[in-house]
Protein chains: 2
Amino acid sequence: MTRKSEDTSRSTIRDVAARAGVSASTVSRVLGGVYPVSATTRTRVLRAVREMDYVADARAKAIAGVGTPTLAFVLEDITGPSFALMAHGVEREATRLGHLCLVCSTEGDARHEVEFVEMMRAQRAAAVILVGGGADTVEYRDRTRRMADSLASAGSRLVLCGRPPLGPGAPVTVIEYDNEGGAYALVAHVLAQGHHRVLFLGGKPDHTTAQGRERGYLAAHRARGLEPDPELVLHGDFTRDSGHRLMRQVLERGLEFTAVVAATDMVAAGALTALHEAGLSVPDDVSLAGYDDIPFARDLHPALTTVHVPYEELGRLAVRTALGREPNTPDEHLLLGTHVVVRNSVAAVEEAAA
Amino acid sequence: MTRKSEDTSRSTIRDVAARAGVSASTVSRVLGGVYPVSATTRTRVLRAVREMDYVADARAKAIAGVGTPTLAFVLEDITGPSFALMAHGVEREATRLGHLCLVCSTEGDARHEVEFVEMMRAQRAAAVILVGGGADTVEYRDRTRRMADSLASAGSRLVLCGRPPLGPGAPVTVIEYDNEGGAYALVAHVLAQGHHRVLFLGGKPDHTTAQGRERGYLAAHRARGLEPDPELVLHGDFTRDSGHRLMRQVLERGLEFTAVVAATDMVAAGALTALHEAGLSVPDDVSLAGYDDIPFARDLHPALTTVHVPYEELGRLAVRTALGREPNTPDEHLLLGTHVVVRNSVAAVEEAAA
DNA sequence: GTGAAAGCGCTAACAT
DNA sequence: ATGTTAGCGCTTTCAC
């Protein structure tokens, strides 16, 4: 059994110094690394350190100017697959760069968000990464702008990841991906299979991510000279339950369509089981596509055609650029590409039936 | 536009004091809360604070004895649905209790794990929660015991969440759930549907979670006087790919079975698509069950029968008990129940066919 | 090579 | 009610 010091209170550098018969500065020096210290003193100190199982208080070091930098990550709900993917990217890159990683869930509450940002500022986080879409209201811009300024004035930096950008001049970094482009490509693909009435299961009308995807849906139609029936675009949120509910209602109402494009793989999953519950077969009776390419998409049955979003990369990039910038650099904007991944959930329409 | 202080370096309490024409202690007092301060001074100070957008350095406060406590959460990969669920529980409860929440991914590397724990000790984290199963080797016990002692001697506490417990006397809290019981109930349910040859897609043979589930599988058989064919229990890991690969191999080998129980919903998902790819129907041709009850289980087709594990509760409990205990309390052991949730993926065997 | 002393940003005990 | 001083645990001049 390893012997441990029995004293309940953690030992300080002075305790170690005392036990080694040297001064605190000396202990600091041998622990610090490459400062000239005599071999024998070094050994004595190291032994004391080992015997007392001493670890320097990181907060004290931080305050003295040599701490491990910290990076904060605030999102809505770690449980969402795409959030989790980003979180993973952030976390990996942060530890690769030797940063600690604080995480907070807002549960979708904007008040929590600003509270967290305030805390992170108090923690002197090197950067705080805000993740997940939302409404682009003036209230949002003001609030976020305020956070950005306040962080910047404290030598930190705000990163918006998949979020509405602020106006020019704000000290933020925004990393986005091409919502509209992905939706455009996806819907073009569906249309190319001969579908004419494709249902769109969208998100909240004021949510910018939802808007981008909806724009893509519309644009793809118009590029073919089609004007989609307004009845076909529905609004809900990005959850599985929303997809399920919406799909059910549509089925009850007897709306006509041969394909459905969901704003999210989660929505698609809910819609899929609603379809199944109604005895419909995908893609034989109706085609279905999603958005996000979460890992589970390929294990749905049929495997879901969707658009891939490089979420993990997004997270990695967020920390890399945030940490690379000078705090007060004005707005910077990265846009990552998306691409559709074709699996088995959308089929060509039977021309005979038409 | 809100005016902000232009000075790039964050302001200190003394700067605020200077601007308000008072002493630092006074600023500290008005910010601190309920200490008697004259109304006019208070206003002056608050104005200065606002004008400078001042926030007290949390690290300095911490070192002075009044910091926001921090809690660390180290897991293998935030991307796994069950990990994410636990993380969510931990995070929610932590912020509810006013704690900050540090998170680290080990990517399955034990060395990273001890490094992280060491860092957390340096951060003076109130508790560190280690999550996720593993092998119960003596190396594991030694290493973990060492971490527990070291944390305890620093006034912190180690919590093992869904992990092999240490021997008695170690200053840890372990929170587990009933792996064996859940598997037992699930397999009993499958057996009760008339299945005699049920395939088990297990995890790594030395992984304690995998072992518990396998024991349940065996025990359920024996309780019915059955001795399962050893050929029917396979080993892989807990990933979707493992389930997919294993299922494929089994199908190629032409093994006979009417039901498969996967050690994990992820494994089940992989197995399900392999089954589908082979043109088999679930549950008409073969029944399938999983374990974990991740949110996606009900959107698989057919909806997956599985055993529910209260992961989120697990996380919440982990922080609650960790924070409630005195640091040096010896081992404490909580065991949460599991229960099977019946959906549509296991059917009764056709007695006619037999 | 090593110690004493000052300083990091804050709070708290002690004065007044 | 407010200022002064000491102290939290550490690093870093500045002496010797």
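Naming convention: chains lettered A, B, ... in sequence-line order (proteins, then strands); numbering from 1 in each chain. The model shown is predicted, which means the values in this text are computed figures rather than measured ones.
Partners of B:Y311 according to the ring-ring contact (aromatic ring centres under 6.0 Å, His included) rule, which considers only residues two or more places apart in sequence or in another chain, are B:Y177. The side-chain hydrogen bond (donor to acceptor under 3.5 Å, both in side chains) search around B:T26 returns B:S23, not counting sequence neighbours. Not counting sequence neighbours, the partners of B:E118 by the salt bridge (Lys or Arg N to Asp or Glu O under 4.0 Å) test are B:R121. The salt bridge (Lys or Arg N to Asp or Glu O under 4.0 Å) test applied to A:D77 returns no partner, not counting sequence neighbours. With sequence neighbours left out, the salt bridge (Lys or Arg N to Asp or Glu O under 4.0 Å) criterion links A:R44 to no other residue.
A:L31 has its CG atom 7 Å from the P atom of D:dT11, to the nearest Å.
Side chains of B:E76 and B:H112: a donor-acceptor N/O pair is absent below 3.5 angstrom, by distance only. Of the N and O atoms on the side chains of A:Q123 and A:T70, not one donor lies less than 3.5 Å from an acceptor on the other residue.
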Return the polar atom pairs (N/O with N/O) between nucleotides 2-4 of chain C and the protein under 3.5 Å, or none.
from, atom 1, to, atom 2, distance (Å)
C:dT2, OP1, A:S38, OG, 3.2
C:dT2, OP1, A:T41, OG1, 2.3
C:dT2, OP2, A:S38, N, 2.9
C:dT2, OP2, A:T41, OG1, 3.1
C:dG3, OP2, A:S23, N, 2.9
C:dG3, OP2, A:S23, OG, 3.1
C:dG3, OP2, A:T26, OG1, 2.4
C:dG3, N7, A:R29, NH2, 2.6
C:dG3, O6, A:R29, NH1, 3.2
C:dG3, O6, A:R29, NH2, 3.2
C:dA4, N6, A:S25, OG, 3.1

Could you go over nucleotides 6-10 of chain D and give all protein N or O partners under 3.5 Å, atom names and distances?
from, atom 1, to, atom 2, distance (Å)
D:dC10, OP1, A:Y54, OH, 2.5
D:dC10, OP1, A:D57, N, 3.0
D:dC10, OP2, A:I13, N, 2.4
D:dC10, OP2, A:Y54, OH, 3.3

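Around CZ of B:R19, the count of heavy atoms belonging to other residues, nucleotides or ligands within 6.0 Å exceeds 12.
Among residues at least two apart or in separate chains, there is no salt bridge (Lys or Arg N to Asp or Glu O under 4.0 Å) pair with a member in residues 31-43 of chain A. Sorted by first and then second residue, the salt bridge (Lys or Arg N to Asp or Glu O under 4.0 Å) pairs with a member in residues 93-103 of chain B read B:E93-B:R96, B:E93-B:R320; sequence neighbours excluded.
Rotation axes derived from the C1' atoms of the five outermost pairs at either end of the helix from C:dG1-D:dC16 to C:dT16-D:dA1 lie 50° apart, to the nearest 10°.
The stretch residues 115-123 of chain B has no heavy atom under 4.0 angstrom from DNA chain D at all.
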Counting only pairs under 3.5 Å, give me each side-chain donor-acceptor contact of residues 130-137 of chain A, with atom names and distances, residues two or more places apart or in other chains.
from, atom 1, to, atom 2, distance (Å)
A:D136, OD1, A:R141, NE, 3.0
A:D136, OD2, A:R141, NH2, 3.1
A:T137, OG1, A:E139, N, 3.4
A:T137, OG1, A:Y140, N, 2.9

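A:S156 places a side-chain N or O within 3.5 Å of a backbone atom of A:A125 that can act as its donor or acceptor partner.
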